Amino acid sequence: MPSRAGRLTAKVLGIKLQDAEPYRDEATFADPVLSGHNGEAFVEEPPTVADFLAGLRPSKSQAVEYIFSLFPFLSWIGHYNLQWLIGDLVAGITIGAVVVPQGMAYAKLAKLEVQFGLYSSFMGVLVYWFFATSKDITIGPVAVLSQVTGGIVADMKTALPDVPGHVIASALALLAGTIVLFIGLLRCGWIVDMIPLTALSAFMAGSALTIISGQIPAMMGISGVSTNDPPYLVFIHTLKGLRRSTLDAAMGLSALTMLYLIRGGCSYIGKRWLKHQRLAFFLSTLRVVFVIVFYTFISFLVNRGLPESEVKFNIVLDVPRGFQNAAVPVLNQRIAGHLVGYLPATVIVLLIEHIAISKSFGRINNYTINPSQEMVGIGVTNILGPFLGGYAATGSFSRTAIKSKAGVRTPFAGVITAAVVLLAIYFLPSVFYYIPNASLAAVIIHAVGDLITPPDTIYRFWLVSPFEVVIFFVGIIVTVFSSIESGIYCTILLSATMLLFRTLRARGRFLGRVKGYTVVDDQLLGADIRQSPVGGTYGTFGGSPEAPYRNIFLPITHADGSNPEVELSSPYPGVFIYRFSEGFNYPNASHSLEWMTRYIFSQTRRTHLTRFERLGDRPWNDPGPSRRKLKAASSAGAEVGAIGMNMDLPTLKAVILDFSSVNHVDITSVQQLIDVRNQLDRYASPEPVDWHIACINNRWTKRALVSAGFGYPTPDSGGLQRRWLSIFSVAEIGGSQSAAAAAEKEVNEKEFGPGFNASNRQPASRLAEVNGFPTTLGSRSVDNSAVDLRVQFGVAEHGNRDPRAGRTVAVHGLNRPLFHVDLTSALQSAIANVEARDDVDTDTETRAGGISWNGTKTTL
């Protein structure tokens, strides 16, 4: 309740405070069957803003846990052992041998000199292990991100011609890394889940085609082709320039062929001779190293002693030894201003590839990664990398797969890889001089070929969601005819549009009821009592707890794919069950509720057949029957209001809403629900429409519904006071070993003596009372099934708890009798009160003056 100051403030501001909840006082006088350990009934309190804010405030232990979560290596480094070290050594050295030639090749893709790829490779594997939650992932230069960086560097040559390309690349990495680190520290890793697999696959495939088209001229030695153009133009210009191919084509095409031959041969050996499978794997893994060494040796033999201007084909030439570009990154307002527009695409590429790879290998190797912490690792890597001259780096799919298959045991393998890269930076620059550029282009083409989605995967996509396959191909087409950035934005936008459209146009399902049986090994459970009179006319009340069937609620149109031969019956004449399909919020509230009301109008008739004394009294949108029909009805003595109306249809009694797919509601959706309630109340007037809501998943949703007047019966507009039959679901609490059971045993021994047997709960002194349980409650008769149910729940004569039964309590608050735990209890309550209201109306019609019914509330 608001304080005195709050009430005074509300009065001054003209705020009408909400009245106390109905049924709150009545809930305190619940039957013992609904009372807890303290003998009081469960009354559900609404959540408050203070509760919400308190839940957001971290505790001291949560703060300490957050700090430790930033450094996951602390949880396993103390257990490091020799066996782990051996596995990390093998994997680390293997990745080191692979990342050196790949890093150099990807640097060329980023429009940088090859040493910058080595710098990025070194920092990526060295720093990541401090923050890693994945043992398999390898951070470093990758093809797609290098392509994006290369495009930005090329654009900046025009906008900032005085700034070197590696300065632009380092500044881009620093800005993107800062953004990703900030997202990770806020623990907002869930943001990557907004990018669907369709967009990711289209992005990877389109990027692969873009990279391949840009590397073919370098592999063929074709000059004069601008790789900054859209991929389709690059491909066309490459075809036109094929006659300008040089000796580079021999070094490139043969290297590409050899890469595929080695991989195919090793794959065949591994399948043909299983005992050599591991050897074949390592040979296949090191194929890039072998090809680069082999063609570097050929280049050394051909170009040895020749000046740079007379070499037979393009080679890498001078590579500085050590970290010659180590310095504080240059990032000023001028550079940052030009790079801001490129940051969204760069951040997306940084995140989606890394998180997708790490999640995938986590599932394969049975561990869970923390996306937010992975963002911290990516962010720190890209912030520190530019201090050594590196550019943007993220997780590599190919190297991660190799690392996983090589038997890596912990993220510490990255330190070993860093040692290998460091040796290459200081001791192999003279060897790098003779590496053919065409062979590096072949390595890139070979690496990105696996990024293209295979036809079998596209077919699987089609089976799941055909429309998303359309989005997939649209993303590829946009990438090929525009740019990688445009392809990313296009697929994400189309996927979001599809999701929004599905939400906006969502329509719920009306449910029908069918009796369901359980069959095990061709045996019907409970077949021996199948003919027992359980469930009454509509299969919802009473009966033995061993009843052979249960209520199953299915869409009446069988839109869920259920067998159309199954005939669904109406829950009850005038009672409708409506299940929301895509939540219930402001985007879809109007459409979903309009569909619901249209269907209800088509399946019911008005309760009151309205008469209008004059034609002009009718509303414009309901002109009624024609004059000819009115004249014919009058001559036939028929009810004028019944003209054109199917009198066989029932009147509207109750609406049951299934909120199982609803997690939150908002002001718009609740207001729409209020409007529909008022509309249906006018339609069914003078009888009220009961609104039952089942399967509510959120306390704030309950608070919103209660504030709008849902959750308890609508007062009768006619002034007749009818007692509501509150039907609740109850559950046993405690157990044989619980403290509650121990306390109950102590109380029972005091009351019934030491000989009380708690196991069978059959005190002889109480049997007579239980067997003599009265068959009436108040002025209404109760059938034996209800008596049995109350005995089962532990209520004996005069409402005392039966010591034979376990302790039970209401599942939902007694102050909200129209909120139900499931559809069955909602239907039970709806039918019981509809029938009770009909009984009262019948008594009212037969008795002069209209006597109100004051029967005792029946609680099941």
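None of the values given here were measured: they were computed from a predicted structure.
A donor-acceptor pair is defined here as one N or O able to donate and one able to accept, closer than 3.5 Å; no such pair exists between the side chain of Thr394 and the backbone of Leu351. For Asp560 (side chain) and Ser562 (main-chain N/O), a donor-acceptor pair under 3.5 Å exists by modelled atom type. Using a distance-only test at 3.5 Å, with no hydrogens or angles considered, no donor-acceptor pair links the side chain of Asn697 to the main chain of Ser661.
Checked by atom type, the side-chain pair Glu374/Asn370 shows no donor-acceptor distance below 3.5 Å. A side-chain N or O of Asp658 and one of Ser660 form a donor-acceptor pair less than 3.5 Å apart. Remark: the Ser592 side chain and the Tyr578 side chain contain an N/O donor-acceptor pair separated by less than 3.5 Å. Judged purely by distance below 3.5 Å, without hydrogens or angles, the side chains of Thr133 and Tyr367 never pair a donor atom with an acceptor atom.
The salt bridge (Lys or Arg N to Asp or Glu O under 4.0 Å) check on Arg677 picks up nothing, with sequence neighbours excluded. Residues meeting the salt bridge (Lys or Arg N to Asp or Glu O under 4.0 Å) test with Asp690, sequence neighbours left out: Arg837. Contacts of Ser201 classified as side chain to side chain donor-acceptor pair (under 3.5 Å), with partners at least two apart in sequence or in another chain: none. Judged as a salt bridge (Lys or Arg N to Asp or Glu O under 4.0 Å), and not counting sequence neighbours, Arg699 has no contacts. For Glu582, the salt bridge (Lys or Arg N to Asp or Glu O under 4.0 Å) partners two or more places apart in sequence, or in a different chain, are Arg502.
Annotation: Tyr599 is not in aromatic contact with Phe601 [ring centroid separation under 6.0 Å not met].
Taking each heavy atom of Asn588 and Ala506 in turn, the nearest pair found is ND2-CB, 4.2 Å. When all heavy atoms are compared, the tightest approach of Arg513 to Leu827 is CD-CD2, 4.0 Å. The heavy-atom pair separating Leu652 from Ala684 by the smallest distance is O-CB, 3.9 Å. His692 approaches Ala654 most closely through the heavy-atom pair CD2-CB, 4.3 Å.
Atom CG of Leu680 and atom CG of Leu593 lie 9.5 Å apart (nearest 0.5 Å). Taking CE from Met596 and CZ from Arg509, the interatomic distance works out to 15.5 Å, rounded to the nearest 0.5 Å. The CH2 atom of Trp700 sits 7.5 Å away from atom CG of Asp51, with the distance rounded to the nearest 0.5 Å.
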In a table with atom names and distances, give each donor-acceptor pair under 3.5 Å that connects a side chain of residues 185-198 to protein atoms at least two apart or in another chain.
unit_1	atom_1	unit_2	atom_2	d
Arg187	NH1	Gly184	O	2.9
Arg187	NH2	Ser69	OG	3.0
Arg187	NH2	Gln373	OE1	2.9
Asp193	OD1	Lys359	NZ	3.0
Thr198	OG1	Glu468	OE1	2.9

